[in-house]
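Values reported hereafter were calculated over all heavy atoms of this structure, with side chains retained and with hydrogens, waters and symmetry mates removed. Here, residue 1 is the first one in the sequence, and each next residue gets the next number.
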Amino acid sequence: MTESSRIRSTGPAATKTASAAPQVRPRTEGWTQKKDESGRPLLQFASPKRGKPPVHLADLTVEERIEKVKELGLPGFRAKQLSTHYFTHYTSDPAEMTDLPAAQREELVAGMLPPLLTEVRRLETDKGDTIKFLWRLHDGALVESVLMRYPGRITLCVSSQAGCGMNCPFCATGQAGLTRNMSSAEIIEQIVRANRLIAEGGLGGKKSDDHSMERVSNIVFMGMGEPLANYKRVMDAVRTMVAEQPHGLGMSARGITVSTVGLVPAIRKLADEGIPVTFALSLHAPDDHLRDELIPVNSKWKVDEALDAAREYYEKTGRRVSIEYALIKDMNDHGWRADLLAEKLNARGRGWVHVNPIPLNPTPESVWTASTREVTNEFVRRLNDAGVPTTLRDTRGKEIDGACGQLVATTEDEVAAAAMA
């Protein structure tokens, strides 16, 4: 949920700070990490069984949409009209669909465009250029998405699961575990709702400007959930994103970033999809000793296995891989770790990867806090000097708890959602 700004220079003081720093071990604070019978952090790959969301137009192929419309007693061509309203005009309101027969309009829209997301809360930054949405799903599950305006582009950070089963100790989303996978349409609906708000002038910018032709240009699967643990629905959603309007959202695959903590078989599967999305590996440590604690899935697929799969993605797609690395004070920001990361990446070739260190959102008196500016600069300098392109990412949305790792449904959110039910 962040974008990039280049940082390069540093000095000898930073080198000394980085090399002399102690080693802080990861631990949970304010919550108890779920563990399996062997005492290892519990990993949830399968979605718990819950009532499925209603089937929506965005869940269906073009052919399936036509058949569904026919089942509702209308000619198949009405499916394209519905798709135009939803994917081009970003509406599910039958009152706006005057090209549909009035007598059957309500029934058709109810059958093809059932409500999926109910907005519970909306938080905005002072400038109004970053908005965090809290959504309630049909079964009461809560998810969040974050919309951000940058010069020349608009980015939406989407959720792919309610909760997360990867159990990373520094990530707020994973504290409650995995509630369920989201459907393809629930993922798409986050974008459609964002596009509607943008067109109505609700995302910063000059109020005098015409925003009717603006829309989300970049998608990052860095909201709630591990995208590759909900592989089929995420990829179906991506296919709908890149499908030409009115059959889909008409987005560029290059503007879509799919991230993972390192589900190696799914990374290899993604490389064979033939859709040139940007692939991001959330690494956070180059050594297995620390990453086993930071990223529990590392107990199944080690650092080198994840990096090998990432390299294969580049070889098959020609798309440069992003390495995400949250810099945590005295935990993973040591200079030797920057050197080790550079060594491992360069051992797999040059020009195939880009590193994005991310300053962790600081929490007062917590073991989880951001690296100092000096140590951050030194970490970035070492990677760049080793020939690894590295860009420090400027975190957005911290003041509304919308930054990386901050998305979580709180008790307050649950009370607000229950009041609306």
Side-chain angles (χ1 to χ4, degrees), residues 26 36 38 40-47 160-161 163-171 173-174 177-178 181 220-238 253 256-326 332 337 340-349 351-356 358 388 404-405:
D36 61 21
S38 67
R40 293 181 177 178
L42 181 67
L43 294 168
Q44 293 176 270
F45 293 100
S47 176
S160 55
Q161 296 179 312
C164 184
M166 297 299 100
N167 208 1
C168 300
F170 63 92
C171 182
T173 308
L178 177 62
N181 287 331
V220 289
F221 278 91
M222 297 181 183
M224 288 182 171
E226 161 54 53
L228 296 190
N230 187 18
Y231 188 91
K232 183 182 186 305
R233 295 167 189 84
V234 165
M235 289 313 303
D236 285 346
V238 168
I256 300 169
T257 298
V258 177
S259 67
T260 181
V261 292
L263 279 62
V264 168
I267 297 172
R268 295 198 168 106
K269 192 174 179 180
L270 181 66
D272 292 328
E273 289 285 353
I275 305 175
V277 297
T278 298
F279 170 66
L281 173 63
S282 295
L283 193 68
H284 306 312
D287 55 305
D288 288 322
H289 184 61
L290 177 60
R291 196 170 192 265
D292 281 347
E293 299 177 64
L294 273 176
I295 311 291
V297 81
N298 203 70
S299 64
K300 292 182 69 68
W301 299 289
K302 297 300 185 182
V303 170
D304 286 333
E305 293 176 272
L307 291 178
D308 285 344
R311 171 67 195 193
E312 288 175 26
Y313 185 87
Y314 167 77
E315 291 172 350
K316 289 184 177 180
T317 66
R319 299 283 290 141
R320 189 169 65 165
V321 170
S322 292
I323 300 293
E324 308 297 312
Y325 198 107
N332 68 348
R337 283 197 163 94
L340 178 60
L341 177 58
E343 178 185 333
K344 290 198 169 196
L345 296 178
N346 285 334
R348 291 165 172 82
W352 70 277
V353 72
H354 183 275
V355 177
N356 283 319
I358 311 165
V388 178
C404 288

- Message: Show, in sequence, the C-alpha distance, side-chain angles and deciding distance for I256 and I275, and conclude whether the side chain to side chain contact (heavy atoms under 4.5 Å, CB included) test is met.
- Response: CA-CA 10 Å; I256 300 169; I275 305 175; over 6 Å; no

Would you check if the side chain of [X] reaches a backbone N or O of [Y] as a donor-acceptor pair within less than 3.5 Å?
{"X": "N167", "Y": "P41", "result": "no"}
{"X": "R319", "Y": "P276", "result": "yes"}
{"X": "K344", "Y": "L307", "result": "no"}
{"X": "N346", "Y": "V388", "result": "no"}
{"X": "N230", "Y": "V234", "result": "no"}
{"X": "W352", "Y": "Y313", "result": "no"}
{"X": "D287", "Y": "R337", "result": "no"}

For the atom pair [atom1] ([X]) and [atom2] ([Y]), what is the distance rounded to the nearest 0.5 Å?
{"X": "L263", "Y": "M166", "atom1": "CG", "atom2": "CE", "answer": "5.5 Å"}
{"X": "E226", "Y": "N181", "atom1": "CD", "atom2": "CG", "answer": "10.5 Å"}
{"X": "T317", "Y": "E312", "atom1": "OG1", "atom2": "CD", "answer": "11.5 Å"}
{"X": "E293", "Y": "S299", "atom1": "CD", "atom2": "OG", "answer": "12.0 Å"}
{"X": "T260", "Y": "L281", "atom1": "OG1", "atom2": "CG", "answer": "7.0 Å"}
{"X": "Y314", "Y": "R348", "atom1": "OH", "atom2": "CZ", "answer": "15.0 Å"}

To check you understand the geometry: which heavy-atom pair defines the closest contact between [X] and [Y], and what is its length?
{"X": "P227", "Y": "S160", "result": "CA-OG, 3.5 Å"}
{"X": "L270", "Y": "M235", "result": "CD1-SD, 3.6 Å"}
{"X": "N298", "Y": "V303", "result": "OD1-N, 3.4 Å"}

Are side-chain heavy atoms of [X] and [Y] found at a separation under 4.5 Å?
{"X": "T173", "Y": "Q161", "value": "no"}
{"X": "T278", "Y": "S322", "value": "yes"}
{"X": "L290", "Y": "P26", "value": "yes"}
{"X": "I267", "Y": "W301", "value": "no"}
{"X": "L228", "Y": "F221", "value": "no"}
{"X": "H284", "Y": "R291", "value": "no"}

- Show your reasoning for whether side chain to side chain contact (heavy atoms under 4.5 Å, CB included) applies to K302 and D292. CA-CA 8 Å; K302 297 300 185 182; D292 281 347; 2.9 Å; yes

- Look at E273 together with K269 and state whether they make a salt bridge at an N to O cut-off of under 4.0 Å. no

- Task: Indicate yes or no: does R268 engage D308 in a salt bridge with an N to O separation below 4.0 Å.
- Result: no

- Message: D236: which residues meet the side chain to side chain donor-acceptor pair (under 3.5 Å) condition with it, sequence neighbours left out?
- Response: K232, R239

- Query: Got more than 12 heavy atoms from elsewhere within 6.0 Å of CZ, R233?
  - Reply: no

- Message: Could you go through L178 and F45, starting from their C-alpha distance and side-chain angles, then the distance that decides it, and tell me whether this counts as side chain to side chain contact (heavy atoms under 4.5 Å, CB included)?
- Response: CA-CA 9 Å; L178 177 62; F45 293 100; over 6 Å; no

